[in-house]
Number of protein chains: 2
Amino acid sequence: MLTKQRHQLILQRLSEQKIVKLKELVELTASSESTIRRDLTDLEAEGYLERVHGGATLVARYEEEPTFEEKRDQHVDEKVAIARKAATFIEDGMSVYLDAGTTTQAMVPFLDGKDVIVVTNSLPIANDLFDLDIKTFVIGGELKRSTQALVGYNARESMMNYRVDLAFLGINGVDLEAGYTTPDPEEALVKKTAIELAREAYILADDSKFGKRSFSRVAPLEAATLVTWSDSSSVSSIQSITKVVNAQ
Amino acid sequence: MLTKQRHQLILQRLSEQKIVKLKELVELTASSESTIRRDLTDLEAEGYLERVHGGATLVARYEEEPTFEEKRDQHVDEKVAIARKAATFIEDGMSVYLDAGTTTQAMVPFLDGKDVIVVTNSLPIANDLFDLDIKTFVIGGELKRSTQALVGYNARESMMNYRVDLAFLGINGVDLEAGYTTPDPEEALVKKTAIELAREAYILADDSKFGKRSFSRVAPLEAATLVTWSDSSSVSSIQSITKVVNAQ
DNA sequence: ATGTTTTTGAATGTTTATGATTGTTTTTTA
DNA sequence: TAAAAAACAATCATAAACATTCAAAAACAT
């Protein structure tokens with residue numbers, strides 16, 4: 001019997017029962033214990049099952065997810081509030097740049113029906129805009145795995161072809177001394193270029209980003225207007241350096 | 001026994017069982033192990049099966065149920081056959097351009113696991129590539145409503161930044177006199193540029209496109225290799241002008 | 001008919017899969 | 001808690017499957 005056949009048999013049996021004994025599999029496949037042990041080790045490494053003493057169980061696949069989802073949901077109201085506020089700065093006839101990110105993506109629904117041209121480096125945002133029938137330009141570049149954003153040198157080059165009235169960007173760190181910072185240098189390059197090319201730039205960030213510093217510097221605080229949602233006092237110190245809009 | 005006969009037998013047996021042992025095939029075809037091994041290697045390279053130790057299995061292609069539009073399209077099998085054949089020209093280490101279109105998009109599954117860099121102007125293709133963890137560059141440009149492709153002058157400019165080994169393009173018309181043609185001038189501009197920049201260019205078209213002429217000329221027939229699926233005699237006249245690969 | 005290319009099967013050394021054996025760890029039983 | 005039983009990981013030799021090479025045979029073109 002072929003290895004792959006055994007693997008299929010094991011997974012099939014497991015999906016029926018959700019727990020299976022090693023001895024059972026030895027009988028089922030007419031193989032030695034050693035072989036079945038190896039199979040279970042391999043299948044576990046591939047994430048198909050979880051070994052237990054005496055056999056294997058179906059992996060509980062959906063346990064880790066909620067942590068990430070919950071975390072995102074906590075700030076989801078703030079995000080929409082910030083996005084809504086930011087969108088109010090956009091007037092008919094304008095061209096705007098929407099940087100990749102969940103907060104900027106949340107702006108898209110507020111563009112519905114407006115007469116705007118959008119430039120973006122985000123595939124998800126481009127898809128959303130496509131559904132709304134908004135004139136859209138996508139800048140070129142390398143597709144970054146984690147964020148589905150187009151980044152790097154080519155993205156900067158491509159972006160130079162566009163001039164926009166307003167640019168809206170997400171950010172990872174907002175700090176009095178370090179300014180706006182983000183972890184990925186290639187993303188930072190794109191953000192920096194966007195701020196340079198726009199007539200006015202807006203950074204969208206909830207107050208969980210305040211005081212944080214990431215590796216790559218995008219711009220000093222005064223280079224952009226900060227759109228946030230905060231009742232903490234930390235806003236006031238930023239307010240002395242650059243213009244701040246509170247969505248609250 | 002002819003090679004093609006053996007291949008058909010192997011695929012037939014495989015479609016019946018979905019896994020088959022090498023020894024089984026040796027018996028079935030009365031050929032040597034060496035020959036069967038060669039067959040399996042070839043068929044794997046063409047994307048028909050996956051070799052495993054001791055035999056071969058059907059490709060674990062996640063069976064996407066065809067949408068209504070796809071179902072209505074009676075050329076869907078031809079499309080996959082053409083895409084499969086076209087993908088065999090791609091070798092590890094190459095960079096390729098995938099033009100927007102359903103046929104070129106059908107090539108994406110056959111890139112799984114290959115060591116390639118892909119440049120594309122298609123948002124759907126970029127999304128598919130994203131799922132396969134393939135290094136991807138997207139060219140910039142205006143997002144065209146009907147096809148979700150990036151086109152126009154900016155797309156051409158952005159594409160100039162890349163050199164690819166192979167370019168794969170769909171087309172609307174293949175005509176002896178008019179050459180390759182497509183309705184949208186902005187798309188034609190992008191296609192034309194792709195053919196210029198690629199070391200070799202392949203046009204993917206089923207024989208329903210033969211003899212058709214659209215508004216915008218992309219290139220003369222001899223500028224690219226035609227990959228098609230046809231048993232009609234109309235192929236032979238094209239064959240006298242440019243290289244033709246029949247996926248049949 | 002002749003030379004060339006393609007296909008084939010055998011021979012080779014190499015890699016991979018397997019089952020038995022060992023001693024260790026975990027679980028069960030007394 | 002201690003002893004026995006079961007399950008385990010690690011190692012080894014063997015056998016099966018493998019890629020590669022080569023020479024003969026077949027198909028092909030000239």
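Below, each value reflects all heavy atoms present in this structure, side chains not excepted, and no hydrogens, waters or symmetry copies. Chain identifiers are assigned alphabetically (A, B, ...) following the order of the sequence lines, protein sequences preceding nucleic acid strands; residue numbering begins at 1 within each chain.
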_Any donor-acceptor pair under 3.5 Å linking the side-chain atoms of N172(A) with those of S214(A)?_
no
*Integer-rounded Å distance: dT12(C) P and R37(B) CZ*: 17 Å
*asked:* Nearest whole Å is fine: how far is dA19(D) P from H53(B) NE2?
replied: 9 Å
_What is the distance, to the nearest angstrom, from the CZ atom on R51(A) to the C1' atom on dC8(D)?_
8 Å
*Does a side-chain N or O from R38(A) land closer than 4.0 Å to OP1 or OP2 of dA17(C), or not?*
no
_Does E27(B), at its CD atom, have more than 12 non-hydrogen atoms belonging to other residues, nucleotides or ligands within less than 6.0 Å?_
no
*Quick one: is dA7(D) close enough that its OP1 or OP2 comes under 4.0 Å of any side-chain N or O from K21(A)?*
no
*How long is the line joining NZ of K4(A) and C1' of dA17(C), in whole Å?*
16 Å
*asked:* Under 4.0 Å from OP1 or OP2 of dT8(C): is there any side-chain N or O of R6(B) that close?
replied: yes
_Distance under 6.0 Å and angle within 45° of ring axis: R145(A) vs F130(B)_ = yes
*In degrees, rounded to 10°, what is the bend between the two ends of the helix from dA1(C)-dT30(D) to dA30(C)-dT1(D), using five pairs at each?*
40°
*Answer yes if the side chains of K79(B) and T102(B) hold a donor-acceptor pair under 3.5 Å, and no otherwise.*
yes
*May I ask you to check whether T29(A) and S31(A) show a side-chain donor-acceptor distance below 3.5 Å?*
yes
*Distance below 4.0 Å between T35(B) side-chain N/O and dG9(C) OP1 or OP2*: yes
*Output field: ring centroids Y202(B)/F89(B) closer than 6.0 Å*: yes
_Determine whether a donor-acceptor pair (N or O, by modelled atom type, separation under 3.5 Å) exists between the side chain of T120(B) and the backbone of S122(B)._
yes
*Between dT18(C) and T3(A), is there an OP1 or OP2 to side-chain N/O distance shorter than 4.0 Å?*
yes
*Using a cut-off of strictly less than 4.0 Å, decide whether S34(A) has a side-chain nitrogen or oxygen near OP1 or OP2 of dG19(C).*
no
_Value in whole Å for how far the P atom of dT18(C) lies from CG of D42(A)_ = 10 Å
*Rounded off to whole Å, could you give me the CG-to-P distance for the L2(A) and dT16(C) pair?*
16 Å
